[in-house]
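Input: a single structure, listed below in structure tokens.
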Amino acid sequence: MDARRGSLPVPRVRQVGFFTPNAQPAPTRSQSGPPDSSSPPLSDSPASNSLSPVMIPPPRHHSDNLAAAPRPTSPLPVPEPSPFRRRGADNNNALLVGSYNPAETLLAMSPSSSHVGDGESEETMSGGWFRRSNSGKLASSLPSGTFDFSPVQSTAEALKPNKVQNPVGISAPKEQQPEAPSSSKQPKPKLTKAERRALQESQRAAKAAAKAGGGKSVAAPEEVATIKSVKQHQTQKKDAPQVAVSVAASERKGGDKSQEKERRKDAPAPRMQFDDKSRVEKAKRRSVVDQTEAKKRVELFRHLPQYEHGTQLADLESKFLQLDPMHPAIYKVGLQYLAGDISGGNARCIAMLQAFQQVVKDYSTPPEKTLPRDLTAKISSYVSFFTQCRPLSMSMGNAIRFLKNRIAKLSPSLSESESKSSICTDIDRFINEKIVLADRVIVQHASSKVKDGDVLLVYGSSCVVEMVLLHSHELGKQFRVIVVDSRPKLEGKALLRRLVAKGVHCTYTHINAVSYVMHEVTKVFLGASSVLSNGTVYSRVGTACVAMVAHAFRVPVIICCEAYKFHERVQLDSICSNELGDPDAIGKVPGRMDVNYLNDVSNSGNLQLLNLMYDATPADYVSMIVTDYGMIPPTSVPVIVREYRRDHLLI
Amino acid sequence: MPDVQALVNEFLNKLKKRKIEGSQATAKQTAELLRSVISQQRVPRTNQAGALIDAVRAIGEQLIVANPIELAVGNIVRRVLHIIREEDLSLTTAAVAELNLSTVSDDDDDGGGGDQDDRPVLSAAAVAAAARNTLRPPSLQMLLEGAPDFVAVPRSSSSGGDSEGKSKSMDRNSRTRKLKHDIIEAVNELIQDITTCHELIAEQAVEHIHQNEVILTLGSSKTVLEFLCAAKEKKRSFRVFVAEGAPRYQGHLLAKELVARGLQTTLITDSAVFAMISRVNMVIVGSHAVMANGGVIAPVGMNMVALAAQKHAVPFVVLAGSHKVILVYIGASTCRGPMLCPLYPHNPEVLLNELRSPSELLDFGEFSDCLDFGSGDGSPLLHVVNPTFDYVPPKAVSLFITDTGGHNPSYMYRLIADYYSADDLVVQRRHAAGN
């Protein structure tokens, strides 16, 4: 499988974004934070004259490096991707983006990186990302630079040898040599769009030829970024990264069948519809959790699981000893989901992954079974257990997909203990990179948007948004926060308490009053449970209301969301897919003795209580989405999903 | 009149303590209070109407100050003032017409003036409306003939001979008694209207609700309840989504009432309004007050609902009893606009709002530790905003259903002309100036 995969043309353009062609290096960026901050600043390439202040950085392939790390055989010196570095970092080559990754440190200290360091061009960096592990493919990309500041033709020529040689094992520095001078010295000729397109076409043709000649082992067509809409950014402010990032990756013409197939396979399977009786029956027979169905369903939501809340927990607890195949860690997390002890997309995802890690550690392959198959089956059963406890969020779905993919991709030659440790490190890396570090990047970006005198409105309690607020506060920015809250969870209260404890000026109100307070608001920061590929933000119920009112009052709405939560599903409304909470929470108002109108009628057949958990905010209301890849408009979500999904799976 | 003053004081206290909930109750009680004020007011021989107007206005000012947010009070005061003026005018007109009749006027227009005494209230209103209403154009005939208006006051002085002198003085005596009587009659009618406006509005329900309709409403309004129930009684079956209307949770109350009357009701949180509105056919809500420009002052959260409805092109219908007199004319203090160009309310969310206790949102005990956190300058770190009302701009409203039928928001200013006289629009303003 690996071999086949390896032959696939994976190289991709990672760098997307605007360019300021003649931009000077901007040392006075308003990047907040200390210069040696471990969160990678975006526009930080040494060759910053080529990079726009706004740019989606390539995914950090620590993963690649890591994958290679246990293998001492990796022949290539790997300069690390410098866009994540400060200049100083490049020079002394020891300062790492995330010091959590020892493998990268090693690689970064490899001799080649130090003199590559001064980063003449993006190609230089890209050399470092060539995936040298088991596959011969070029994992990496030519970060934007190629196109804009160097004559493309030379780039293309320079690339061709790369392609051919790389699998053979010629190291990166060599490749760079023809490249660097041309890119750094020559002033960028102004290319019109048409010219660029023509160049691209010719490149493609050349590639095709190279491929034909190169035989099977040669990695497939290279791709070069096409950057759309380059022109208008002369006036772009250097210190404020633009919101919009236009992304255009030229589609591969070669159209590999297998990849297409894979893509189709990756498409989300249709969700379980709970109005389908036979399937529900089937699911029930399998289920561990004894769920009693809610008696009073809301007609519109028959397709969603509606169960009586509060009944399963005791039942499940009593079953603890009987459920033999269930790992205690899984059990614990499942119970926590059920009881609502863990909530919030990131927390749930991390808890799940850590439970899986525990499972993997304690796992031993039964006789006459293979590890990948058996473990995958096991994890599937655990996942269905989790689903019974509480429907999975889309981010968890992404994480599970990643994990299964990693297990499936395990080399059969590895011993069991090696496989297990590999999976565990993969999980660790996922948590670290996709959640922890991603949050740090988002915080950096988003807090650069907070100015003195701002009045920020936040809704509910999103951990990223909270981090943004606290970070901005630590930076000494003077701003006020309006915490908008809604029943029944009233998550804002906890957020309010934490913010006030840190000394942030806060105003608390409920969602009905949002149009009352919106007059004074300058920015709205919202979290998201998931961002769907049509730009719809799927988030805590009420987010859509807040975004709508903000839109009506012309206040920018900024969504903070890690890219691992992006999902290729699409959704237009909040009805088709949602989660139903405990309906009884609607009827009761804790702490208000005077509101007890429904106590005596709650068992009437005509009354239904609907506790929606999420809603879908249309993309029109969203001004921008801050992710770990930069700040993008909602229209760019599908691009991120498309371009980076593979990386989710492959890191 | 000490007893009247006691009544007034009692009512003032209630208003100040916000004991009276709902514009209908307030309107009714205000009207009743004013009725007793009028009945107890001693009127001088001359200029009775003026004396009554002064008395009502004086009390009205107190009432308005007691609860400036409860617009119904001011509206009722204006309505009563308007009634006094109209009755006075109609009596004057009647007297004049009587005199004119004796001089065998050939004016056709006031031909009905002769039998004034038989049905005084009706024709008084009709004549007064015709006479007072500056907005109404003169009749086509009048325009053609160039005839003077039938209210020929100067003619009254010229007319009359010795034979009529006696009857005139007698008439004046009867008028002194009649004026008060008529006014009280009219105020009674007003009270009647206020109490029955629900039924009038509810009667129209079947015209607007069809089978299997899905209706969304927020908070609780008696008018909405009656409206929905009226449709239900006509055997329409439909479903209602009720947003609970935090932090007062009036929606729970409405849901309970609806369920008790057998309607399919689903209670949702306010935050789920946007999610659900795409499956809703119509939004029907009550209101607190209607602005001259067609904007609505409504329970908090309504603007959100209106925006969501607008986004999904769902009709947003506001029920407003026009006899509940929730028509208000808001003007900036500098401008005395003529009636035809009502000033648009400036920032009504803030001006016409009331902030309620934060305890409805945050438990003081729970957050007592946070309340100490203060920045160096002593200003508290934590604020809690709990407004009562929302302003819905007229463009978000699809239709007003009043007891006089359905109206567009753009038409609302016209109703003002029917219910208030231009002189009274300034009740508040005069007071503000006096302050």
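First the proteins, then the strands, lettered A, B, ... as listed; each starts at 1. All figures in this text were calculated on a predicted structure; none of them were measured in a lab. Worth knowing before you read on, the calculation uses all heavy atoms, side chains too, and leaves out hydrogens, waters and symmetry mates.
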Is it the backbone or the side chain of A:Val541 that comes under 4.5 Å from a heavy atom of chain B, or both, or neither? both
Classify the angle between the aromatic ring planes of B:Phe389 and B:His288 as parallel (below 30°), tilted (30 to 60°) or perpendicular (above 60°). parallel
Ranked by heavy-atom pairs below 4.5 Å to chain A, first place among B:Ile268, B:Leu258, B:Leu307 goes to B:Leu307
So which residue, B:Pro247, B:Ser278, B:Pro299, ends up with the most heavy-atom pairs under 4.5 Å with chain A? B:Pro247
At what distance, to the nearest 0.5 angstrom, does NZ of A:Lys502 lie from CG of B:Leu381? 13.5 Å
Heavy-atom proximity to chain B below 4.5 Å, by part of A:Leu612: side chain
Let me know if A:Val504 has heavy atoms under 4.5 Å from chain B in its side chain, its backbone, both or neither. backbone
Of B:Ala260, B:Ala243, B:Gly262, the largest count of non-hydrogen pairs under 4.5 angstrom with chain A goes to B:Gly262
Let me know if A:Ile511 has heavy atoms under 4.5 Å from chain B in its side chain, its backbone, both or neither. both
Side chain / backbone / both / neither for B:Leu263 at chain A, heavy atoms under 4.5 Å: backbone
Quick one: salt bridge (Lys or Arg N to Asp or Glu O under 4.0 Å) partners of B:Arg236, sequence neighbours excluded? none
Note: vs chain A, highest number of non-hydrogen pairs under 4.5 angstrom among B:Gln264, B:Glu244, B:Arg239, B:Arg279 is B:Arg279
Under a 4.5 Å heavy-atom cut-off, does chain A meet the side chain of B:Glu360, its backbone, both or neither? both
Examine whether an atom of A:Ala513 lies under 4.5 Å from a heavy atom of chain B, and if so say whether it belongs to the side chain, the backbone or both; otherwise answer neither. both
Heavy-atom pairs under 4.5 Å with chain B: which of A:Val549, A:Val589, A:Asn578 has the most? A:Val589
Counting heavy-atom pairs under 4.5 Å to chain A, which of B:Asn386, B:Val305, B:Asp270, B:Val242 comes out on top? B:Asp270
Hey, are the side chains of A:Met394 and A:Tyr614 touching, using non-hydrogen atoms and a 4.5 Å cut-off? no
Quick one: do the A:Tyr459 and A:Ser486 side chains pair a donor with an acceptor below 3.5 Å? yes
Go through the steps to decide whether A:Ser343 and A:Arg390 satisfy the test side chain to side chain contact (heavy atoms under 4.5 Å, CB included), and finish with yes or no. CA-CA 10 Å; A:Ser343 64; A:Arg390 185 177 163 189; 4.2 Å; yes
